[in-house]
Amino acid sequence: AIEDKMQSVRDALGGKPCTTLTKRACSMLLYVRWMSTQGGQIFPIEEDMAYKYVRHMKIEKAAATRPASFLESWNFMVHKLGYDDPEEVSTSPRVKGLMEQQFMAKNMLSQKDVVKAEALFRMEEALCSDRKDVRGGFTTPEKAVAGYILLLLYGRGRASDGQRLAALQFDLVVYNGRLLRGFAEGSAMNTKTAKAKELKRTFLPFVATMTSLTSMNWVASWTAARDALHMPEIPDYATGDSAPALIMPSMNANSEWHPRTMGSEELSFWLRELMAKIGRSPQEVAGLASHSLKATLLSWTAKAGVPSEVRKVLGYHAVADGGSAYVYARDNMAFPLTELDMVIRQVREGVLCPDVPRSMMWPEHPVPMAKSLGFEENPSGQTQSFAQQLMVTATRSKLEASAQSLDEDMVADQAWTFMTSMVASRVSLYLERDEAEDMHMSESDNEVLEEDERLLDDNGEQAVAAL
């Protein structure tokens, strides 16, 4: 019966993505339509007719990739659906040669631009601002999208990764209104990285660092915007029968959200719109798309000299030693995230300038980003940079006391590790004698600073290892 045959086809194609099946079907349908004008047998495809069809596409100036798609679709039908290929069309020298000629007329691959550090800084500021002027802040719907954009950027995720998140849990360290550090950890399902059938039924750990360029609590602004728009609550945990959560619904022109996830094209549109609103030029905005979010921090780490194997893990790609299984193991992300945090801090403090010519990326006299953008005070209203604040606190109260008062909920030894790691990572920047005046420190403070400098020199390796 017809229904039995149709069920057999469904079962044979059961493991293939819908997008793949649609592409193969559309490509073969074009061939069937052309054959209906030629007469003769459609299947199995004869080598002579395949050659004529590929020549027809060349004469008609069809898309450069269409002949290749035609051969791929026929191979798919032969190997997955059992069609006969007596004349071995897919290996015909003249068919393959003509296909390759047309493929070489394809436009060169143009990679999307990364988000510039200054633009990222401005977006964080606009998300956390209460102003609604063109360059000063976002509306509530815009904040909801901007927060989602920052989540994917700091998580090095694709738009499809955001669509497939089943849960998202925040682990934040907030002090005096500042988002010091933390992570947003989620579970993504059926991601592009999953090739083997076992991995398709395994949650991919999605981890976004909360170490940002402004240290502003953009997560609070984002969640407040979602609540104001009555968006669905994001689950904290994923279970075996979980479905993808609606992290960022699609939105219409009236800022009304729909019960479907925001796709890559829509996300690209919003990214360009928000960048234009914070004052980015049309030329800079034109090269941005949703994939820019995945590429930005991976580009920074490459410029900072982070090893390629570490960058692969950060990008959720398979590594040489462990393959895809390595990426799916949650604890393997710990060290790469530490490396990423260090790079973000370098950009924030002006040590690394990723958007300038290569000869100027590592300035001799670093200037913190907030100061270089004209902030006499940093975005949270404090007159000194975060690293300077930590250093002054450390020198006045001793590291142990500062660690214990950093957050009442933190265990003392965890706070100590955090404090010493932050201080040690910036010793070279803020323990110079000429920095003392900029920090407005008293003479007694300078003496304590020198004492702690000697202490950190003696224990520098242990402090850096703690980070």
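Every heavy atom of this structure was used, including side-chain atoms; hydrogens, water molecules and symmetry mates were not. Throughout, numbering of the chain's residues begins at 1 and tracks the sequence.
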**Message:** How about CD on Gln38, more than 12 heavy atoms from neighbouring residues, nucleotides or ligands closer than 6.0 Å, or not?
**Reply:** yes
**Prompt:** Judged by atom type as modelled, is there a donor-acceptor pair below 3.5 Å linking the side chain of Ser69 to the main-chain atoms of Thr65?
**Reply:** yes
**Request:** Mind telling me whether Phe170 and Trp222 have parallel, tilted or perpendicular rings, with 30° and 60° as the class edges?
**Result:** perpendicular
**Asked** By ring pair (Phe, Tyr, Trp, His ring centres under 6.0 Å), which residues pair with Phe70, not counting sequence neighbours?
**Response** Tyr31, Tyr53
**Item:** Rounded distance [0.5 Å steps], CG in Leu267 versus CG in Leu293
**Value:** 6.0 Å
**Message:** If the test is salt bridge (Lys or Arg N to Asp or Glu O under 4.0 Å), which one of Lys96, Arg94, Lys52 qualifies with Glu47?
**Reply:** Arg94
**Prompt:** Are there more than 12 heavy atoms of other residues, nucleotides or ligands under 6.0 Å from atom CZ of Arg33?
**Reply:** no
**Message:** Taking CZ in Phe103 as the centre, count heavy atoms belonging to other residues, nucleotides or ligands within less than 6.0 Å. Is the count above 12?
**Reply:** no
**Asked** Judged by modelled atom types alone, do Arg181 and Thr209 share a side-chain donor-acceptor pair under 3.5 Å?
**Response** no
**Prompt:** Are more than 12 heavy atoms from other residues, nucleotides or ligands located less than 6.0 Å from atom CD of Glu265?
**Reply:** no
**Item:** Gln41, CD: over 12 other non-hydrogen atoms inside 6.0 angstrom
**Value:** yes
**Request:** May I ask you to check whether over 12 heavy atoms, not counting those of Lys303, lie within 6.0 Å of atom NZ?
**Result:** yes
